[in-house]
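Data first, discussion second: the structure below is written as structure tokens.
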Protein chains: 2
Amino acid sequence: MTQLDDFDRAILRILQQDNRTTQHKIGEAVNLSAPSVQRRIRRMEAEGVIRANVAVVDPAAVGLQLTIFVELELVSETPDEIDAVKKSLLNAPEVQQCFYVTGEVDFMVVVVVESMAVYEDFTRRMFFENGNIRKFRTFVSMDTIKSGSALGF
Amino acid sequence: MTQLDDFDRAILRILQQDNRTTQHKIGEAVNLSAPSVQRRIRRMEAEGVIRANVAVVDPAAVGLQLTIFVELELVSETPDEIDAVKKSLLNAPEVQQCFYVTGEVDFMVVVVVESMAVYEDFTRRMFFENGNIRKFRTFVSMDTIKSGSALGF
DNA sequence: GATGAAAAATCCGCATA
DNA sequence: TATGCGGATTTTTCATC
């Protein structure tokens, strides 16, 4: 992966806030021509620096009212077992984010669902019926203070 | 906020994966004309259903290698104290996500930084020098299994 | 909600440093 | 290798039905 220069970083900073900013406007902001901006964006997309271009949707608007953090502890931590858990979490549409972490727990999972009833059903399917889950702790979000993938740099 | 219909939801589902999909292609996919698609998108943006349009950047590419979960417990939970903590977290560029949660802890915070040294500096500034933080627990991500704001609906 | 024309943005070749 | 310019193509936008 090529090293990013200051132009690239300046472009990314704009795109992370609004990727519908025109190349012309970006060019003005960073002192580059529009085609140059577009070539850089294209290159960063090809290299995976820009992973995706997405609309951020208000979860409440689509009926998903609850954001829930779950700490997962496994019984067995062999690579195969870990992979199996990863895979099941990856495939669950309720799972919005999932990280394998160091420390007292094994996974941190962010689940977004319509209601507690749906969450309870989710835990039953994913955790209680999975012999490899030692325990899990649930933290329900009451207030979203900040929710971004905007990286401050 | 107006209720969303099936067309709106179908459009959102596409936009959450790739908001550069042309209105024409979206129209084909959902059986609507391009201008219709565009009016719906415009309306949902105005209503806040679509919160933003952003590029998702690979943190590693911009030198941010570490994703860290932090559980925060406060000493005092008066509304003023909670607000003060919220505000300081909101303004910290290292904080990518932050939720006020129920349960044994008060806040779940997702921090993204270059290195452990930077994180330690962050904890000193934000937690140790803040008299209202009773304790915090750190979970460092070793592997990002899933990282999306793509809501499965 | 659909159609079609105008406006705007993106994309591409070419010349250049 | 990367930039800027100009024009072709595509996409968005807007008026009308």
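Every chain is numbered from 1, with letters handed out A, B, ... down the list of sequences.
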Next item on the list: For A:R43, answer base if it contacts any base atom (sugar-phosphate contacts may also be present), sugar-phosphate if it contacts only those atoms, and nothing otherwise; contact means non-hydrogen atoms under 4.0 Å.
Entry: nothing
Margin query: Distance check needed: C:dA9 P versus A:I26 CD1, whole Å only.
Written below: 12 Å
Note to self: Within the 4.5 Å heavy-atom criterion, are A:V62 and B:R13 side-chain neighbours or not?
What the structure shows: no
Check: Which comes earlier along DNA chain D counting from the 5' end, the contact point of B:R42 or that of A:D5, where each point is its nearest nucleotide?
Finding: A:D5
Checklist line | Closest listed nucleotide, where the reference is the side chain of B:S36 and the choices are D:dT3, C:dC12, C:dA2 | finding: C:dA2
Next item on the list: Look at all strands and tell whether B:S33 reaches a base, only sugar-phosphate, or nothing, counting heavy atoms closer than 4.0 Å.
Entry: base
Check: Between C:dT10 atom P and A:K25 atom NZ, what is the distance in whole Å?
Finding: 11 Å
Check: To the nearest Å, how far apart are B:I41 CD1 and D:dT11 P?
Finding: 14 Å
Next item on the list: Scan A:Q23 against the nucleic acid and name what it touches under 4.0 Å (heavy atoms): base, sugar-phosphate only, or nothing.
Entry: sugar-phosphate
Note to self: Both A:R20 and A:N31 contact DNA chain D. Taking the nearest nucleotide for each, which residue is further toward the 5' end?
What the structure shows: A:N31
Notebook entry, point to check: Closest approach of A:F7 and A:N31, non-hydrogen atoms and distance?
Noted result: CE2-O, 3.9 Å
Checklist line | First encountered from the 5' end of DNA chain C, between A:R39 and A:T22 | finding: A:T22
Notebook entry, point to check: Can any side-chain N or O of A:K146 pair as donor or acceptor with the backbone N or O of B:A92 at less than 3.5 Å?
Noted result: yes
Item checked: Interatomic distance where CG belongs to B:N53 and P belongs to D:dT12 [whole Å] -> 12 Å
Note to self: Under 6.0 Å between ring centres: does that hold for B:F136 and B:F128?
What the structure shows: yes
Check: What integer distance in Å separates A:E45:CD from C:dT10:C1'?
Finding: 12 Å
Check: If you look at every strand shown and take non-hydrogen atoms under 4.0 Å, does B:R40 touch a base, only sugar-phosphate, or nothing?
Finding: sugar-phosphate
Note to self: In the structure I gave you, are the side-chain heavy atoms of B:I133 and B:L74 within less than 4.5 Å of one another anywhere?
What the structure shows: yes
Check: Can you tell me how far P of C:dA8 sits from CD of A:E28, to the nearest Å?
Finding: 14 Å
Checklist line | Between D:dA2 (P) and A:M44 (CE): distance, integer Å | finding: 13 Å
Check: Taking NE2 from B:H24 and P from C:dG4, how many angstroms apart are they, rounded to a whole number?
Finding: 13 Å
